[in-house]
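For reference, the structure discussed in these notes is given below.
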Amino acid sequence: MAEPVFFKRPPGMTVEAIAQLTGAMPGAEACLDHVITDIAPLDRAGPHDLAFLDSNKQVDALAATRAGACLMSERFAARAAADTNVLLAERPYEAFVAVARELYPDALMPSSLFESKGVAPGAMVHPAAEIEDEVTIDPGAAIGPRAGIGAGSIIGANAVIGPGVQIGRNCSIGAGASLMHALLGDNVIIHPGCRIGQDGFRFQPSGRAHAKVPQIGRVIIQDNVEIGAGTTVDRGAAADTVIGEGTKIDNLVQIGHNVTVGRNCIIVAQCGLSGSVVLGDNVILGGQVGIADHLTIGEGAMIGAKSGVASDVPPGEIWLGSPAWPRQEFVRAIATLRRQFGQRAKTGDRNG
């Protein structure tokens with residue numbers, strides 16, 4: 001069986017066109033008419049592939065690469081293979097990404113898994129739903145009453161869009177996702193298996209039982225947000241859960257009720273945000289960060305992977321550890337522990 005190709009083969013770009021797109025400076029011996037049709041790592045690239053180099057660790061691969069062109073900083077140019085077209089860029093990887101986006105636009109946003117247009121057979125659209133032009137709805141999807149879907153959006157197979165949910169234009173809702181009590185802006189990507197707008201987790205203990213607290217808020221997802229596969233976003237209790245414009249959320253993240261996430265935040269896989277947490281704009285959370293309820297993470301703050309946050313974090317600071325501390329305090333504490341354990345180990349050796 002032939003190896004499947006999941007994205008359309010790009011028509012290609014000349015070295016000159018890549019230089020114009022990225023602002024890179026062609027090397028003195030570069031062949032500007034040479035056509036690049038794909039991207040690849042240095043050690044796997046062929047004569048019509050574009051690669052990049054931005055680390056000393058890859059220098060040995062540069063000398064041996066068969067890449068047709070390579071983006072790199074000037075300090076590496078002398079090490080390039082003789083038949084590689086050198087493109088000098090201040091930020092090679094950023095330039096490489098620009099070319100990759102140009103060659104593979106279809107990889108930027110999930111498409112119809114059924115490769116269909118319009119409402120596919122087997123999809124269920126309530127008569128009271130409002131569907132704009134050029135919307136694609138795959139088989140098995142269910143669109144509830146009063147739901148609205150903007151032009152150019154794609155609803156994946158078996159996705160469920162609840163009553164009254166509003167989805168903006170040019171959005172993609174992945175296969176098997178469910179959206180309830182939610183309002184989405186334009187250019188939002190919800191990957192497969194996401195759960196958006198279900199109950200927040202809140203119960204009032206009352207002796208023998210736990211009384212469920214009604215969750216009557218919404219989820220507001222602003223423009224240009226992307227949410228990874230399997231992530232869950234609970235609706236608000238009385239207020240709303242809000243995901244700010246331009247924020248990117250990885251797979252398997254839990255966002256509790258009443259959380260407010262600012263603009264252009266990055267939340268990496270397996271983070272957990274408890275109820276009523278507030279993230280300022282441009283916050284970055286490393287993988288598996290946990291944040292206790294009702295805390296505020298200030299604008300531009302960064303929280304290291306596996307950290308457990310139990311107090312407010314001021315704007316612009318970097319915190320690490322569990323419980324999380326400011327980076328300088330954390331580093332000093334670890335250094336102190338290492339010295340103490342080192343001294344104890346030496347004392348034990350002498351006593352032994």
Side-chain angles (χ1 to χ4, degrees), residues 54-57 93 97 174 177 189-196 198-203 219 221 225-236 241-244 246-345:
D54 64 355
S55 169
N56 288 323
K57 295 178 181 179
Y93 183 65
V97 170
I189 298 175
I190 306 294
H191 283 277
C194 283
R195 300 289 177 250
I196 309 293
Q198 60 284 330
D199 287 17
F201 186 77
R202 189 168 186 182
F203 296 85
V219 174
I221 299 176
V225 168
E226 183 161 351
I227 300 180
T231 285
T232 57
V233 182
D234 295 342
R235 68 176 182 263
T241 301
V242 179
I243 311 297
T247 284
K248 313 300 181 186
I249 301 174
D250 200 355
N251 302 334
L252 299 175
V253 170
Q254 159 63 19
I255 295 180
H257 60 208
N258 298 348
V259 166
T260 297
V261 176
R263 293 170 293 185
N264 300 313
C265 294
I266 297 289
I267 302 177
V268 183
Q270 298 184 355
C271 287
L273 280 63
S274 301
S276 300
V277 163
V278 175
L279 302 188
D281 295 343
N282 302 302
V283 166
I284 298 177
L285 304 181
Q288 296 187 335
V289 167
I291 304 178
D293 60 285
H294 292 83
L295 297 182
T296 296
I297 311 299
E299 180 176 353
M302 299 174 64
I303 311 297
K306 291 183 175 290
S307 295
V309 182
S311 59
D312 291 342
V313 176
E317 292 197 0
I318 300 175
W319 282 37
L320 307 169
S322 186
W325 296 354
R327 178 173 60 177
Q328 291 181 340
E329 294 180 27
F330 177 82
V331 170
R332 283 198 297 266
I334 293 298
T336 299
L337 286 171
R338 285 178 174 172
R339 285 195 299 270
Q340 290 179 344
F341 280 115
Q343 290 171 356
R344 290 178 181 177

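All values below were derived from every heavy atom in this structure, side-chain atoms included, with hydrogens, water molecules and symmetry-related copies excluded.
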Which heavy-atom pair separates S274 from A292 by the least distance, and what is that distance?
-> CB-C, 3.7 Å
Distance from E226 atom CD to I266 atom CD1, nearest 0.5 Å?
-> 9.5 Å
Close side-chain approach of I255 to I249, heavy-atom, < 4.5 Å | yes
Where N282 and C265 come nearest, the two heavy atoms and their spacing = N-SG, 3.8 Å
Below 4.5 Å, heavy atoms only, C-beta onward: do L279 and T247 meet side chain to side chain?
-> no
Closest non-hydrogen atom pair, G280 against V283 | O-CG2, 3.2 Å
Pairing residues for Y93 by the side-chain contact (heavy atoms from CB on, under 4.5 Å) criterion, not counting sequence neighbours | F52, D54, F96, V97
Do the non-hydrogen side-chain atoms of I221 and I190 ever get within less than 4.5 Å of each other?
-> yes
Identify, with sequence neighbours excluded, every residue that meets side-chain contact (heavy atoms from CB on, under 4.5 Å) alongside A269.
-> D250
Any L285 side-chain heavy atom under 4.5 Å of V309 side chain | no
State which residues pass side-chain contact (heavy atoms from CB on, under 4.5 Å) with L252; sequence neighbours excluded, sorted by chain then number.
-> Q270
N251: what forms a side-chain hydrogen bond (donor to acceptor under 3.5 Å, both in side chains) with it, not counting sequence neighbours?
-> none
Is the number of heavy atoms from other residues, nucleotides or ligands within 6.0 Å of CZ (R202) greater than 12?
-> no
Looking at CG of L273 and OG1 of T241, how far apart are the two atoms once the value is rounded to the nearest 0.5 Å?
-> 10.5 Å
Mind listing the closest non-hydrogen atom pair of C194 and G228 along with its distance?
-> SG-O, 2.9 Å
Gap separating the CG atom of D312 from the CD1 atom of I291, nearest 0.5 angstrom | 10.5 Å
Here the side chain to side chain donor-acceptor pair (under 3.5 Å) pairs for residues 296-310, sequence neighbours left out, are Q288-K306
Side-chain donor-acceptor distances from residues 315-330 under 3.5 Å, at least two apart:
{"from": "E317", "atom 1": "OE1", "to": "W319", "atom 2": "NE1", "distance (Å)": "2.8"}

With sequence neighbours left out, write down each residue that passes salt bridge (charged side-chain N to carboxylate O under 4.0 Å, His left out) with D293, or none if nothing qualifies.
-> none
Exercise: identify the closest heavy-atom pair between D199 and R235 = OD1-NH2, 2.7 Å
All side-chain hydrogen bond (donor to acceptor under 3.5 Å, both in side chains) counterparts of T336, not counting sequence neighbours | R339
Can you tell me which residue pairs pass the side chain to side chain donor-acceptor pair (under 3.5 Å) test with a partner in residues 254-269, sequence neighbours excluded?
-> Q215-H257, T232-Q254, D234-Q254, R263-D281
Quick one: does T231's side chain have a donor or acceptor within less than 3.5 Å of a partner on V253's backbone?
-> yes
